[in-house]
There are 4 protein chains.
Amino acid sequence: MKLKKEEKKNQIIQAAIRTFAKNGYFNSRVSEIAKEAGVADGTIYIYFKSKDEILSAIFDEALDKFVAVSEERLKNISDPIERLEAIAFLHLQYLGANRDLATVFQIEFRHNIVFMEKFTRSKLRDYFRIIRETIESGQQKKVFRKLDPKFGTKLFFGMIDEMVTSWLLSKKDYQLEKAAKSLTRAFVFGLAEC
Amino acid sequence: MKLKKEEKKNQIIQAAIRTFAKNGYFNSRVSEIAKEAGVADGTIYIYFKSKDEILSAIFDEALDKFVAVSEERLKNISDPIERLEAIAFLHLQYLGANRDLATVFQIEFRHNIVFMEKFTRSKLRDYFRIIRETIESGQQKKVFRKLDPKFGTKLFFGMIDEMVTSWLLSKKDYQLEKAAKSLTRAFVFGLAEC
Amino acid sequence: MKLKKEEKKNQIIQAAIRTFAKNGYFNSRVSEIAKEAGVADGTIYIYFKSKDEILSAIFDEALDKFVAVSEERLKNISDPIERLEAIAFLHLQYLGANRDLATVFQIEFRHNIVFMEKFTRSKLRDYFRIIRETIESGQQKKVFRKLDPKFGTKLFFGMIDEMVTSWLLSKKDYQLEKAAKSLTRAFVFGLAEC
Amino acid sequence: MKLKKEEKKNQIIQAAIRTFAKNGYFNSRVSEIAKEAGVADGTIYIYFKSKDEILSAIFDEALDKFVAVSEERLKNISDPIERLEAIAFLHLQYLGANRDLATVFQIEFRHNIVFMEKFTRSKLRDYFRIIRETIESGQQKKVFRKLDPKFGTKLFFGMIDEMVTSWLLSKKDYQLEKAAKSLTRAFVFGLAEC
DNA sequence: GATGAATGAGGCTTCATTCAT
DNA sequence: CATGAATGAAGCCTCATTCAT
């Protein structure tokens, strides 16, 4: 019973991801999501308080899952450079595997500034912490030079994030995660010759 | 007469930037922009065909101005590393000087994938070209190692872009352009020790 | 369920007829129709795509019903003169029984040449055909003299139509259908003495 | 000076006739009429109090001119049948000569019921009187049989009116006034054989 | 729990009219 | 007289949300 409920909730979330990806949050209709999910309009409101809450649920769920998977995969990697590459790989793979989810993340996450702040301060904080701790660890091991780890985190995240956005805007459907290696190499060793 | 018309158009654009920055495009009302600009609702439609066109005009104007200023400033800088730093500086300074404009750029620009594509394919292309040519020039001078220049462009842009977004979300009002030097250093020399 | 839906649709149509009759199509507000029908503004749009479509529906329905009733009543009348009189009677009775509907028909039907053409080419064509075939039948029976039947149809229709318009503009509420006999007599035998 | 003023007023009226004929009164914009007349929007309001008054002026002027011309032409025709034919001819010729004016007359005259009543009670009354007196004269001369002359007037007017409407809806540009003879014959002698 | 018809607040936009130049 | 930029009231329609069935 409880399972069935979770199933239907997920069904609605998946429908919302497809709908938001196609038309954007503000140009998507609740009735459209309902149709896509194969339920009645009113049913949406049994599982979610409002249209806005569906969007939040998408991010909540996707971020939770991503952080959980990432922590699991990173558990046994101790080399800082290897870890950074793994992080980039997981990030690119996760969004590269689901273009609709990626679209919602890259486009609708910037829903409005309050919305962004909310996630940046909670769920996304965990992700940023993973990157930051990896950089700090590398600095302790003298693999990385001195540099504000928070600053480095932003730079690294910015690189990955732009790869995803660029991939979305490109019509070509290349393997996004393949960029992880050279992205990390660029971040660690820079663009300079030698 | 012509001047006055341009003045009023600009007045509306500035009001729209403030309004969009505050509430986001979709949660802003045309009547609110009108009030903020000190004109009647209908007056907006003498200068713009639709609400959507106001948003486009903001980007059009801001990007044109930015590219024009940048090209002027970069004219006499030939050293690739210096050029990259100048680009980062100009970018960060331009948006750092106008928090409302920055908000609209970082939040509203990605509100709609079609809208993004439109600008990425035209106005923004010029900006990306400036970065790319600088990287290519550095590669010819053997200052930069071999790496797809387009890929490098994305990484560099991604770093800058994330700095701006992070600055917006931060409550602290630090000097954004101060990051240009260390950002460029990180991009060119990487994070690795020595 | 289906019945209830048809009922409500009809309820809106009747409200629209009253509203259009009172103020004319362009000076009628959708909110006024809704109020008159006892439903919310938005409900109108569950049953009709647009304000314009309500007007079309009024004509569609009224013409369909009129042609159906007329064909039924005329089935057993073979004498051409009797048939013409019956047609005039039915036409005058139909509109004479519902002053609001008559107003919409006489005033709003000609509000727009494109709108008129649409109905003249479809629904109204059936009605004109009934008149024309009666004239042709009378000519075959040598009751009527040679005359382009289409021309005759227009003349006959014009006579009836003007009776309705005149009745609408008159404040007196006389029995419109009483004119059928003398109208037909005038059409068939003319104004000449003997 | 006065002449020039009248000229410009007429210029606006002609522009309004073309504009109303094309789009109908409610779908015509004052700015469109101004453009068509080659004057500024505000200039319209120097010559007319409102948009509605332009429409009234069109009917005022056209009806005055028509009645004046008709009375002049009918002065020397005493035979009732000849007079009726002349009336039909003048009516059909007048509107047949200016399709735009005819469109405005047949379509926009039914602007709303109050508007119609206003003209039917004043300007149009003169025209109806001309027809009615002709019928009465024919009855006195025993050319026409006994029949309420007002009733006969409506029938005759209805026939002519429908000819005009039918011509408007027809794409063919036939000579409308050619129908005057057979129309009158039909009205006087009827459709009956012999 | 599920439905989907009904609600009604509110937005974008139009356009007749005004009035300072 | 002529202009046309500015006004702002008001309409059509949309759509998130509710609730009786």
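So you know, we letter chains A, B, ... as the sequences are listed, proteins then strands, and number each from 1. Computed from heavy atoms alone, side chains included, the values below leave out hydrogens, waters and symmetry copies.
Comparing E/dT13, F/dA16, E/dT3 by their nearest atom to the side chain of B/Val30 picks out E/dT13. In this structure, the nucleotide among F/dT7, F/dA16, F/dT3 sitting nearest to the side chain of D/Ile46 is F/dT3. With E/dG11, E/dT7, E/dG1 as the candidates, the nucleotide lying closest to the side chain of B/Arg29 is E/dG11. Checking E/dT13, E/dT18, F/dT17 against the side-chain heavy atoms of B/Tyr45 singles out E/dT13 as nearest. Checking F/dC12, E/dG1, F/dT17 against every side-chain atom of A/Ser50, the shortest atom distance belongs to F/dT17. Of the candidate nucleotides F/dA16, E/dA2, E/dT7, E/dT7 has the atom lying nearest to any side-chain atom of C/Ala40. Across F/dT17, E/dA6, E/dA16, the shortest atom-to-atom separation from the side chain of C/Lys8 is found for E/dA6.
Within the 4.0 Å cut-off from OP1 or OP2 of F/dA6, at least one side-chain nitrogen or oxygen of B/Tyr47 is found.
Going from atom CZ of C/Phe48 over to atom C1' of F/dC12 covers 16 Å, rounded to whole Å. One can place CD1 of C/Ile44 at 11 Å from P of F/dC13, the figure rounded to the nearest angstrom. Taking atom CG of D/Asp41 as the reference point, atom C1' of E/dC19 lies 13 Å away to the nearest angstrom. Whole-Å rounding puts the B/Glu7 CD to F/dA5 P distance at 16 Å. One atom, CD1 of C/Ile33, and another, C1' of F/dC12, lie 11 Å apart when rounded to the nearest Å. Atom CD in C/Glu6 sits about 15 Å away from atom C1' in E/dA5, given to the nearest Å. Across the protein-nucleic acid pair, B/Asn27 atom CG and E/dG10 atom P stand 14 Å apart, rounded to whole Å. Put simply, CZ on A/Phe26 is 16 Å from C1' on E/dC12, counting in whole angstrom units.
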**Request:** Give the C-alpha distance, both sets of side-chain angles, the deciding distance and a yes or no for side-chain hydrogen bond (donor to acceptor under 3.5 Å, both in side chains) between B/Asn23 and B/Glu32.
**Result:** CA-CA 10 Å; B/Asn23 303 319; B/Glu32 208 178 341; 2.9 Å; yes
**Prompt:** Would D/Lys22 and D/Thr103 count as a side-chain hydrogen bond (donor to acceptor under 3.5 Å, both in side chains) if you check the C-alpha gap in whole Å, the side-chain angles of each, and the deciding distance to 0.1 Å?
**Reply:** CA-CA 9 Å; D/Lys22 199 176 161 202; D/Thr103 303; over 6 Å; no
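Two residues, D/Ser31 and A/Thr43, neighbour DNA chain E, and the one matched to the more 5' nucleotide by heavy-atom proximity is A/Thr43. Nearest-nucleotide mapping onto DNA chain E: of D/Lys49 and A/Val39, the residue sitting toward the 5' end is A/Val39.
Side-chain contact between A/Val104 and A/Phe59 is present, with heavy atoms from C-beta onward closer than 4.5 Å. A 4.5 Å side-chain heavy-atom check between B/Ile58 and B/Phe20 finds at least one atom pair inside the cut-off.
For F/dA20, the paired nucleotide is E/dT3, the pair qualifying as Watson-Crick or G-U wobble because both relevant distances are below 3.5 Å.
At least one donor-acceptor pair closer than 3.5 Å links the side chain of C/Gln11 to the backbone N or O of C/Ala37.
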